[in-house]
Every structure is written in C-alpha cells, then in structure tokens.
Amino acid sequence: MKRIEKHASFGGQQEVWVHESSTLGCEMRFGVYLPEASLRGIPCPVLYWLSGLTCTEQNFITKAGAQSHAARHSFIVVSPDTSPRGENVANDAAYDLGQGAGFFVNATQAPWAQHYRMQDYVAQELPTLIEQHFTASDARGIFGHSMGGHGALVTALRHPGRYLSVSAFSPVVAPSQVPWGQKALGAYLGADPQAWRAWDAVELLSIARQEKLHFLVDQGDADEFLSQLQPELLQAACKEAGHPLTLRMQPHHDHSYYFIATFLGEHFDHHAMYVS
C-alpha cells in the first residue's frame with residue numbers, strides 16, 4: 001500500500017491510497033477519511049461508500065462534503081473505485097459497461113471474469129485491508145449512489161451479519177428489470193436471467209430473510225434516470241418481505257451530488273444509530 005494523497009480536514013485526514021489487489025488482479029485506489037479519534041489510536045467504525053457509473057474514488061471525497069459528517073460521528077469512511085482499471089483490464093466504449101461500471105458483482109463471463117470481482121473486493125479484500133492498516137473497529141456500515149446504491153443494498157443482503165447499517169441514494173433497485181442492469185448483468189453473468197437474481201435487491205428480498213437491516217433510501221423526484229431506478233419496486237418488495245424501509249421522495253432533486261450533499265448528513269445520522 002502507498003499513500004498518494006493526504007489533506008487535513010475537520011480535525012482528521014482525507015487520504016487516498018493505492019495498492020495491488022489480489023482479488024481484481026490490478027492496481028486499485030481508494031479514498032479513506034480518518035477522523036481525529038482514529039488518528040489518536042482509538043478504533044472507529046467504518047462506513048463504505050460505493051459510487052455510481054463513471055466515478056472513481058475522487059467523486060465522493062471531493063463533491064459530497066462527507067468529511068464534516070464523518071468527523072462529527074468519528075467514522076472512518078472508505079470510498080473505493082467503481083471497477084478494476086488498467087491497460088490489461090477488459091473495457092467497453094460505452095459508459096455503462098467495463099471500466100467505471102463494475103456494478104459490484106463477481107463476473108463469470110469472458111473477458112470480464114478475469115478482473116471484475118468487485119463484490120469480493122468490496123465485501124472481503126478491502127475491509128480486511130482497512131482493518132489491518134488503520135485504527136478501525138469491525139463495526140461496518142455501507143451506503144452508495146445509483147449503481148453504488150445497488151451495490152450497497154445487494155452487498156448488505158448477500159452478507160448477513162457483516163454490516164450493521166445500510167442506506168442509498170437513487171439506487172438501481174431491480175437491475176434485472178431495467179436497461180442499465182440488463183446490459184451489465186448480461187455481459188458479466190451471461191444471458192440466463194436466473195443468474196441475475198443473486199445481484200438484484202428486489203429479488204434478494206424475497207429469498208434473503210435472515211437479517212432485516214433498516215433501509216434508508218433517498219430518491220429525487222426530478223431524477224432524469226428515474227425510469228432506470230424505479231424505487232416503487234423496492235417499496236413493494238420490502239412490504240411483501242416485511243423488510244423495514246424508509247423511502248423518501250425528495251421534491252425537485254435530481255441525480256447529482258448536489259442532491260447527495262443535501263441529505264448526506266441525515267444518512268450519517270442513520271448509520272450512527274446502528275454502527276456507533
């Protein structure tokens with residue numbers, strides 16, 4: 001591991017690190033905010049933020065204003081890249097497939113399977129790395145935006161007991177039913193829709209009932225991608241499964257980081273109820 005950025009912020013430090021990922025077979029970067037308590041050697045809980053299509057580790061750490069909220073709650077906040085990267089990593093000319101569009105799944109199809117194992121990276125390799133190298137406790141929460149909101153919900157549902165809290169902004173809740181998801185899941189997992197069910201939050205809610213973490217989901221009603229997101233499908237699935245959900249349709253808000261920054265503090269407060 002090598003630190004390539006360090007910035008003082010709200011009594012703590014915003015850092016960016018680079019490392020060789022054994023899971024993905026390439027070099028990866030992640031942002032990590034270390035609150036003052038962590039820098040003083042006090043183990044702090046960790047929130048993992050998963051970003052959306054085309055994003056790197058930079059979008060969240062520079063646009064969301066997360067550092068003040070993390071400092072207020074003494075959270076370490078980790079923001080990984082959204083896919084493997086590099087000249088030898090498979091890619092596609094479109095923005096919604098390949099590099100920058102890993103969809104947080106474990107690919108099974110060529111040429112993607114060699115590197116695109118973002119689920120294992122986010123849920124296993126990265127937390128192990130964080131807990132070994134920083135003053136972090138094993139209390140974890142997960143949240144994200146758009147493709148990353150999908151990733152947060154699915155990762156929490158697939159790994160009962162690993163996370164204490166989960167939330168999302170504008171998540172892709174049913175990728176099996178919308179063009180973004182159908183394109184990505186078809187490429188990464190193959191043409192059989194049955195293989196997609198394990199990576200679809202709406203589908204998982206019908207079969208993964210061991211744990212019922214309270215979902216907080218914010219969705220702008222002026223979101224230009226609302227047809228790809230369809231929060232009403234998550235609402236119906238949660239009602240059917242008896243799964244706790246707070247879905248807030250936010251008037252006039254779109255899909256941007258202006259939206260995220262407006263309500264991010266409330267998401268930190270939500271996680272603090274369960275993780276702190």
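Using the six-membered ring where Trp is involved, H255 and H145 have ring planes that are tilted, between 30° and 60° apart. Under the 30°/60° scheme for interplanar angles, the aromatic rings of Y188 and W112 are found to stand perpendicular. Under the 30°/60° scheme for interplanar angles, the aromatic rings of F225 and W180 are found to be tilted. Y121 and H19 have parallel rings, their planes meeting at less than 30° on a 0 to 90° scale where 60° marks the start of perpendicular. Ring-plane geometry between Y48 and Y163 is classed as perpendicular, the angle between the planes exceeding 60 degrees on a 0 to 90 degree scale with a lower cut at 30.
Between the side chain of Q219 and the backbone N or O of M249, no donor-acceptor pair lies under 3.5 Å. Distance alone, capped at 3.5 Å, is enough to place a donor-acceptor pair between the N59 side chain and the T56 backbone.
Between the side chains of Q250 and D218, at least one donor N or O sits under 3.5 Å from an acceptor N or O. Side-chain contact, S167 with H270: no donor N or O sits under 3.5 Å from an acceptor N or O. Q58 and E5 share a donor-acceptor pair across their side chains, judged by distance under 3.5 Å alone. No side-chain donor from either of H115 and Q99 sits under 3.5 Å from a side-chain acceptor of the other. No side-chain donor from either of T23 and D120 sits under 3.5 Å from a side-chain acceptor of the other. Between the side chains of E240 and S206, no donor N or O sits under 3.5 Å from an acceptor N or O.
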Problem set entry | Test side chain to side chain contact (heavy atoms under 4.5 Å, CB included) applied to I142 and L47, step by step | CA-CA 5 Å; I142 190 165; L47 298 186; over 6 Å; no
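Between H253 and the options F263, Y258, F169, a side-chain contact (heavy atoms from CB on, under 4.5 Å) holds for only F263.
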